[in-house]
Structures are given as structure tokens and as C-alpha cells.
Amino acid sequence: MSRPEDTLPPDLFYNDTESRKYTTSSRIRSIQSSMTHRALELLALTSPSMILDVGCGSGLSGEILSQTPGDGTPGGPHVWIGFDISASMLGVALEKDVEGDLLLADAGQGVPFRPGTFDAAVSISAVQWLCQAESSEEWDTPAARLSRFFNGLYASLRRGGRAVCQFYPKNDTQKKMVSQAAIKAGFGAGLLEDDEGTKNAKTYLVLTVGGGELDGDITGVVRGMDGVDVEDVRRRARGVKRGEEKKGSRGWILQKKEQMERQGKVVKATSKYTGRKRRIQF
Amino acid sequence: MKLLTLNFLTCAIKTCKTNPASFPLHPRNAELEIQEADINLPFLKNILPRLMWEEIRTIARELGLPDLPSTPPTPTDLSISTSSTAPSNPDTSLDTDEPSEAPAGEETPSQTALDLHRLLLETCIQEGILVCGSCGHEYAVKEGVANFLLPGHLV
């Protein structure tokens, strides 16, 4: 998988040629369109709403937002405001004459809207760009960018609003970093993964703002959807303190061995048999 | 950039966020343009409670548009249940006293709704600058796209 975010910052990577390539490629268009439809399905909007498109690029996702229900946009046509850091991408969007309003802004610098502006927000293939540090300054770390973005997004959504951010996490650490930042900002967050484990895996971060008519978090969002398995990591270890292993488990044994090793005692090497149950004797 | 967007934009600088003067941004040297769009009555009804009417009036005055009524319209003002509006061709001028073609639907948008639609969704700022009332930072608008990128020391 190619990772353009590893090579250059977004405003430099998406220059005129790259923007045009991105927008005219039929493959990218079809992927973006299917992801936008999926995001809209998760947003479950029923009436024309005010939507924020973060990292709107050339307006591939915005075009879908302005379509009518007859063209496959539930609750449409929506009014949207999009922002992107790449001027070239916005230039392509202007040429295409998209209906939404465009802003040149960096999501990592915050979201410049007053509280309660939007009914919903979408972001297609953008959030992974925030996970890069361009300089060594304190305000420019991935954590600071993500925190500014999610704090701003949380404030600009109305109570009971939803946001769906599709992004390409590089690894589990990045996935965790992004969702932790969203939770820290106050969102109810959950990850939805389509085609998990395959090359076509798509990760959607489903964010909910409490209050209003919304029921709960992502588990409420996907209720009634076909083919979705819910795996709730929050309730797995109730009653067990964080970082504490069950006595006798493999994790506990490994912890004890490490502890003994630190005390300078001789400890047997750890193998696949460590902490394994003995076969029941005849 | 639509005037509707301007009613939601604040200054992007963090220290300004807490200052009430950071909203609304004041347009200067603005070139306006009318971009025709289909009227979307459910959207107008949806967005109406979120509009800050006083600020819309201020901005309209600063842009030299005709004076707006001092009270915001109510959702019931926006539609007339009888579909008796005679269709006529939509005009591009800013004068707001000619009826537009009514879309096929259960509710017909009233004159108030048409005016509101013309003001918020069809009037666009093409060129100019937006000035923050608190810190005086200027955001340039070019070809209808406002530049909200901040230099590093202001983030």
C-alpha cells in the first residue's frame, strides 16, 4: 500500500499534477464514492442538513452530499462546507463548480466555526495526514494536531450530531492514537472496519456527540445494520483493575517471571509451553 | 463563499476563541456575486434556529445590502400551504420582490423563504478580506475560497 503521507506534507504532495491525477482516476473516484455512501449510511441523516467535509479535496465526496435522495443520498440534498489544506485540490474543485463552500484551512490547526454549527461531519481519507510531524515544534506534534482537530470538531457539531471519519491507519498504534484523541475531546468513539484484515480494509471512526435524540455511541449507530459484528472492548474486564492480570494466567506468570528476573533470580526461559495447561492425565 | 457560511465562521486563532468579538468576521472590500441554487425548504427550516440574526443584519449592513427586518423569521413564515404561487422566471437582481418558480412539493416556499434563500445561499463573496473583530487578523478570500491557514506562531 502506498503511503503518500510518509513522503511529503499534504499541501506539498497534492500539487497541481497530483490533484488532477487523484480527481480523474476512475479507480479513486469509485472508491471515494463508495466510502462516502458508507459514511452517509452511518450518519443516517433524514432531512437536508448542514455538513462539514474535512479534507474535502477536489469535492469528490461533496458532490455526493449535494445529490438528491433519488441519486442515492439519504436525506439530501445537503448543504456542505468543505476545507482542505491543498490549494491545488481546491482549484480542481472550483473548476468542477461544486455546490459546497470551500475553505483553505488545516484541520490540524482547529476548526474555525462557532459552536453547534453542523448537523454532521464527514472526512474521507484525511485524518491519517494529521499523524505526521512536519517540524519539531511542540504545536506541530501529531498528538497536538489531532487534539486541536477533534476539540474543534466536537465544539462545532450540534448536540446529538455525528461525525464519520474514514482514514487509513498505518498500524494499530495509529488507530489507537486517533481514537484516543477523539475520546479525549469528548466524543463517543468507535471504529467500524469493513473487509477487516484484507488489502481493501477500510476503517471508519464513528464519533457521536452526546445529547439530543441520539441513542448511545457507535453500538447505537450500527444497531439494525446487516453484517456488523459488535466487539466491545470496554466491558471486557469489569472488576479487574487496569494492568492487573488474573492470578495463574499466562500473563500473570510472565509478569511474575519478569519481576523475579529484575530481582536477580534465575528464571527459566519463556517458551510456548509457559503457562500452558497440562494435558489431563489418563 | 455563501453568506450562510459567514454566519458560522469564527476567527481561527486560539486566543480569540473565548472573545465574543471573534464572531462574526467582518467582510471588507467584498465583491459579491449571485450564484443560482435550487431552493431547499427543509434545509432552511433546519438551519433557521441556528442562525444568529443580529449578526446577519450586521453583515448585510456592512455589505450594503437592503435592510433586514429586526426579528428573525419563524419556521411558519417560510411556507404557505396553498400552492397558488404563479410561476415566473427567476431574476438575478438583488431586489427581492419578485416571486420565483415554486418547486413541486407539498409546501410552497413563501416570499420570506425566497428572500432568505437568496440572501444566505445565493449571495456569495467572491473576493475580499474577512477581518476578525477581536484581533484584527485578516483572512483573504480569493475566487470564493477563504484562506484560514495560520502561521505557526498563531496556532
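Throughout, protein chains are lettered first and strands after them, A, B, ... in sequence-line order, and every chain is numbered starting at 1.
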Undergrad: So what's closer than 4.5 Å to chain A heavy atoms on B:L6: side chain, backbone, both or neither?
TA: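 For B:L6, there is no contact with chain A at all, as no heavy atom is under 4.5 Å.
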Undergrad: Please look at B:L44 and chain A and tell me whether the side chain, the backbone, both or neither of the residue comes under 4.5 angstrom of a heavy atom of that chain.
TA: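 B:L44 has no heavy atom closer than 4.5 Å to chain A.
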Undergrad: Is B:L154 close to chain A through its backbone or its side chain, or both, or neither, when contacts mean heavy atoms under 4.5 Å?
TA: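 No part of it gets close to chain A.
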Undergrad: In terms of heavy-atom proximity below 4.5 Å to chain B, should A:L102 be classed as side chain, backbone, both, or neither?
TA: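 Backbone plus side chain of A:L102, per the 4.5 Å heavy-atom cut-off to chain B.
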Undergrad: Tell me, side chain or backbone of B:L149 under 4.5 Å from chain A's heavy atoms, or both, or neither?
TA: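 Both parts, backbone and side chain.
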Undergrad: Is there side-chain contact between B:M1 and A:L103, with at least one heavy-atom pair below 4.5 Å?
TA: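 B:M1 vs A:L103: side chains touch.
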Undergrad: Any donor-acceptor pairs between chain A and chain B, under 3.5 Å? If so, list them.
TA:
unit_1 : atom_1 : unit_2 : atom_2 : d
B:K2   : N      : A:D101 : OD1    : 3.3
B:K2   : N      : A:D101 : OD2    : 2.7
B:K2   : NZ     : A:E99  : O      : 2.7
B:T5   : OG1    : A:D101 : OD2    : 2.3
B:N7   : O      : A:R114 : NE     : 2.8
B:N7   : O      : A:R114 : NH2    : 3.2
B:N7   : OD1    : A:R114 : NH2    : 3.1
B:F8   : O      : A:R114 : N      : 2.8
B:T10  : N      : A:P112 : O      : 3.0
B:K17  : NZ     : A:V111 : O      : 3.1
B:N40  : ND2    : A:P77  : O      : 2.9
B:N46  : ND2    : A:P48  : O      : 2.8
B:N46  : ND2    : A:D119 : OD2    : 3.3
B:R50  : O      : A:R114 : NH1    : 3.4
B:R50  : O      : A:R114 : NH2    : 2.8
B:R50  : NH1    : A:T117 : O      : 2.8
B:R50  : NH1    : A:D119 : OD1    : 3.4
B:R50  : NH2    : A:D119 : OD1    : 2.8
B:R50  : NH2    : A:D119 : OD2    : 3.0
B:A146 : O      : A:L104 : N      : 2.8
B:F148 : N      : A:L104 : O      : 2.6
B:L149 : N      : A:L104 : O      : 3.4
B:L150 : N      : A:Q109 : OE1    : 2.9
B:L150 : O      : A:Q109 : NE2    : 3.0

Undergrad: So for A:P115, is it side chain, backbone, both, or neither that comes closer than 4.5 Å to the heavy atoms of chain B?
TA: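 Looking at A:P115, nothing touches chain B.
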Undergrad: Going by the ring pair (Phe, Tyr, Trp, His ring centres under 6.0 Å) test, which pairs reach into residues 103-127 of chain A, not counting sequence neighbours?
TA: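 Pairs touching residues 103-127 of chain A that pass the test: A:F113-A:F118.
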Undergrad: Checking A:A155 now: which residues fulfil side-chain contact (heavy atoms from CB on, under 4.5 Å) with it, not counting sequence neighbours?
TA: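 Not a single residue meets the side-chain contact (heavy atoms from CB on, under 4.5 Å) criterion with A:A155.
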Undergrad: Non-hydrogen atoms of chain A under 4.5 Å away: do they reach the side chain of B:F23, the backbone, both or neither?
TA: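 Just the side chain, heavy atoms under 4.5 Å.
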Undergrad: Determine which pairs satisfy salt bridge (charged side-chain N to carboxylate O under 4.0 Å, His left out) with at least one residue from residues 61-78 of chain B, sequence neighbours left out, and list them in order.
TA: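 Qualifying pairs: none.
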